[in-house]
Amino acid sequence: MTRPIDLRSDTVTRPTPPMRAAMAAAEVGDDVFGDDPTVNRLEARAAEMVGKEAALFVPSGTMANLVALLAHTGPGDEVILGDQSHILHYEVGGVARIAGLVTRTLPNLDDGSLASADVERAIRPQTIHSPGTRLLCLENTHNRCGGAALSAATTAELAGVARARGVAVHLDGARIFNASVALRTPVDVLAAPCDSVSFCFSKGLGAPVGSVLCGSREFIARARRFRKLLGGGMRQAGVLAAAALYALDHHIDRLVHDHENARRLAEGLASIGPFRPVPPQTNIVVVDVLRGDVDDWLRKFEQAGVLAVGFGPGRFRMVTHLDVDRADIEEALARISRIAGATAH
Ligand SMILES: Cc1ncc(COP(=O)(O)O)c(C=O)c1O
């Protein structure tokens, strides 16, 4: 049996033996009572890293975004989202169903940003007729835009437009450390223009579970109640927070290798006839399929032990991570090359 090379997502990584040892040794308490010293340490550390006053540990990136939406707005308010945003496409409509928000979508540009003139135009004047525009959400790195990293300057420009009109800004920074490494810009600089920022430990950072939402003390106090409402109050969560702390200590600098591997993967795929990868800036490689059906290709890849996911019409996605090294990338390319050679389309 060929060993599968799993490039579906950077969420497929398994905790390393030293990370598991850190989890086993974690000091714990009941976090809903505020008693878990490891969670408290993680929240303080995360807030400091992104330059905010406070932080809240939550089970997932989806919950971090939903809690942010709830804590920034009230039912019937309007949120401005990119039309390729994760909140819009992959969070099961929680923005409408649970937060009760009207969504105003603006076209995402290829670099994951929005046009500032579009944001300006989308902010409604306060009238008796319209929903109040309360929140702008940005995403860094941008998943559906192929892991594009949003610069601090672009973030500041877009956030500036919103905040000048009294609209708060949330940054879905699920992969903000990838952005930080790719742009050589500290995460607090990337997050500075935004009122709140969330990021995930369970993606490129390689922890098994967990995300964090950061913002002002007052905002995080409100967010804590919404986490409880959603059932996200965990008890001896220090076991999970220990993995996240380990990841912050050991798994940030190595992201540069994931980005190099993604570039090599894209370069290799580009030389195999039917595929046109978008040159990656970070660890996500989006590939346009020029010949044949995407699902057929993905099935053949899987039979050869290479896992990827469909990513909209005529596209698939591959993501590099902690559990694939350069040799795995070369092996994946060799397997795909053999399939493409043997496939007459
Ligand atoms: C940009 C972005 N935001 C949020 C999430 C949600 O994270 P989770 O899967 O932990 O709910 C993801 C997951 O892939 C993501 O890519």
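Heads up: numbering here begins at 1 and tracks the sequence. Just follow the structure's listing: the first ligand is 1, and inside any ligand the first atom is 1.
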Novice: Can you name the one residue among R235, R41, R227 that meets salt bridge (Lys or Arg N to Asp or Glu O under 4.0 Å) with D31?
Specialist: R227
Novice: Any ring-ring contact (aromatic ring centres under 6.0 Å, His included) involving residues 147-178? Give me the pairs, sequence neighbours left out, ordered by first then second residue.
Specialist: F177-F199
Novice: In order of chain and number, which residues sit within 4.0 Å of ligand 1 by heavy atom?
Specialist: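 Protein residues near ligand 1 are S60, G61, T62, N65, H86, E91, E139, N143, D172, A174, R175, K203.
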Novice: Can you tell me which residue pairs pass the salt bridge (charged side-chain N to carboxylate O under 4.0 Å, His left out) test with a partner in residues 138-158, sequence neighbours excluded?
Specialist: none
Novice: Taking it one step at a time, do V294 and L298 satisfy side-chain contact (heavy atoms from CB on, under 4.5 Å)?
Specialist: CA-CA 6 Å; V294 175; L298 292 180; 3.9 Å; yes
Novice: Any chance CG of D249 has more than 12 other-residue heavy atoms, nucleotides or ligands included, within less than 6.0 Å?
Specialist: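 For D249, atom CG is crowded (more than 12 foreign heavy atoms under 6.0 Å).
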Novice: According to ring-ring contact (aromatic ring centres under 6.0 Å, His included), does anything in residues 57-80 pair up with another residue at least two apart or in another chain? List the pairs.
Specialist: H72-F219
